[in-house]
Amino acid sequence: MTSAKAGGEHRDTFTRNSGFIFAAIGSAVGLGNIWRFPGVAYESGGGAFLIPYLVALLTAGIPILFLDYAVGHRFRGTAPLSFRRIKKPVESLGWFQTGLLFVIGVYYAAVIAWALSYFFFSFKQSWGEDTATFFVEDYLKADEPGVSTTLVGGVAIPLVVVWLAVLVVLALGVAKGIEKVNIVFIPLLFVAFAALVIRAVTLPGAAEGLNALFTPHWDALTDLDVWIAAYSQIFFSLSIAFGIMIAYASFQRRKANMTSSGLVVAFANSSFEILAGIGVFSALGFFAYQQQIAVGELEGLTGPSLSFITFPAVISEMPGSAFFGALFFGSLVIAGFTSLISLMIGVSSAIQDKWGLSRRTAAVSVSLVCGLISIALFSTTSGLFTLDTVDNYANNIGVVTSAILMSVILIWVLRRGDMLRRHLNAVSTFKLGKIWLGLVGVVAPVFLIIMLVQRAYSVIVDGYEGYPTWYTTTFGWGSVILVSVAAVLLTLPSWKGRDDPDTFLPWPPLPEDVRGSGPHARKETVR
Ligand code: PHE
């Protein structure tokens, strides 16, 4: 096991900076990049969407990514431990974030299981002519929103495989598990996906697809919803305010160039997103061309319908269907899996930190519990609806709340902003000016609050997707409430972890830590 012994701590660490960067990219690049970005951009102003997107990236995405890094790197713990070290009661915010990881992880795994099945279906295009009926009725055997106990074998079996793979990676830990998997899979993903994009842009009709995606509709810029879409895409996509980046930063060595790595991660994630937009819309242009219709007349351009209904139909039309189908669904599996392991290590390492469990015990218990819940809820005939509902509430309400709380508590209530900024500057080459404080303390939370009010209002007034109210209340609000209650309950037990939350030495010492003969007066060796 690789542990940084600095300050007598017992953390698993990345063996090199590139390991951290690849792992962070692995977490960021996921299903959201492939199935969400292209459709959202198309619906929210096309080429003009790049403006709110870039603004959101620069004013909230990167600043909050740095905030996550600063917390985890300075306080050297997963979200609950780091926040507890900042101030005792704030530990519950850490559990709130960990709870969201759990909720998202259990359904995210199901989508990877679908993609795994579709990878195999690609070889013979088993989805046939009517891909919508195949997906909903033949594959998922979806009936109606409700609580079904009828398991669907075609989903349950790949789902078991996904959870076993998660178990193995978690048990191997940070250096041998997460780091290795990402160093192999992320470059592979970029190459496979680039091949797919090159094929797509050379298909007839591709130009029409790209025109549909990139023609700017400037009037969209005056629409608040478009701005909200941009901010929410950036949050989900960069995996920020979930506690994952806090945990990853805590696995970094103490001397690590944090902000420069963050810029690499953010740039790689957005590049992949734009690459996916180009690939997906070229393919859609080709598909529309085959049917002699305009791209605008196509349906199902985002989310699960894009990947599992529209895309299979496109793939069947492409020359070399089997190969490109396998490439597309293989990419989806890899992108999703590297994100899933980040979600799950967020959960298992938080438990390890608090209860001092061994890595293996934590890995087995987390994979077992999450796996069983995931199978019970999402591989039944009502799985599709539950997934859709939980996804909407956990993301639109949960994560936004978490980001607002983090910014308000750290910057305004506890006034730790400047200290965190100086911490990052002390270890990094890309220095943050005071403007960073303005972004994380004012611009980002203001936007997030507007977003939360709008989202909450819309689900309260209009419900969601016309699902019955009891259903959205149970699964949608239910998951948010469950996470909030867990946040409080998990804070109550005392710490049994190996790294004591109370006698902790932050490094490097900043003026506020060194008080006379304080602990920093002692000489430390730091790796
Ligand atoms: N960023 C991932 C994606 O784009 C999803 C994710 C969200 C992963 C939150 C981890 C945490 O799909």
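When a ligand or atom number is given, it counts from 1 through the structure's own listing order. Note that the structure is predicted; figures quoted are calculated from it, not measured.
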Closest heavy-atom pair and its distance - A113, P158: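 Distance-wise, the nearest heavy atoms are O-CB, 3.7 Å.
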May I ask you to identify, for F236, whether its side chain, its backbone, both or neither come under 4.0 Å of ligand 1 on a heavy-atom basis? both
When you measure from the side chain of [X] to the backbone of [Y], do you find a donor-acceptor pair of N or O atoms at a distance under 3.5 Å?
X: T310; Y: S305; result: yes
X: S82; Y: G77; result: yes
X: Y471; Y: T386; result: yes
X: N182; Y: E179; result: no
X: S402; Y: Q97; result: no

Under 3.5 Å between some N or O of ligand 1 and some N or O of [X]?
X: S339; answer: no
X: L101; answer: no
X: L238; answer: no
X: L31; answer: yes
X: L343; answer: no

Using a strict 4.0 Å cut-off to heavy atoms of [X], name the atoms of ligand 1 that fall inside it.
X: A28; answer: 1 (N), 2 (C), 3 (C), 4 (O)
X: S237; answer: 1 (N), 4 (O)
X: S239; answer: 1 (N), 6 (C), 8 (C), 10 (C), 11 (C)
X: I244; answer: 10 (C), 11 (C)
X: N33; answer: 4 (O)
X: S27; answer: 1 (N), 2 (C), 8 (C), 10 (C)

Would Y248 and D68 count as a side chain to side chain donor-acceptor pair (under 3.5 Å) if you check the C-alpha gap in whole Å, the side-chain angles of each, and the deciding distance to 0.1 Å? CA-CA 9 Å; Y248 275 16; D68 271 349; over 6 Å; no
Residues E43 and T302: side-chain donor-acceptor under 3.5 angstrom: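 No, because no side-chain N or O of E43 sits under 3.5 Å from a partner of the opposite role on T302.
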Nearest protein heavy atom with distance in Å, relative to atom 9 (C) of ligand 1: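 Answer, as residue, atom name and distance: F242 CE1, 3.4 Å.
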So, are R76 and D499 salt-bridged, with charged N and O less than 4.0 Å apart?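 No, this pair does not count.
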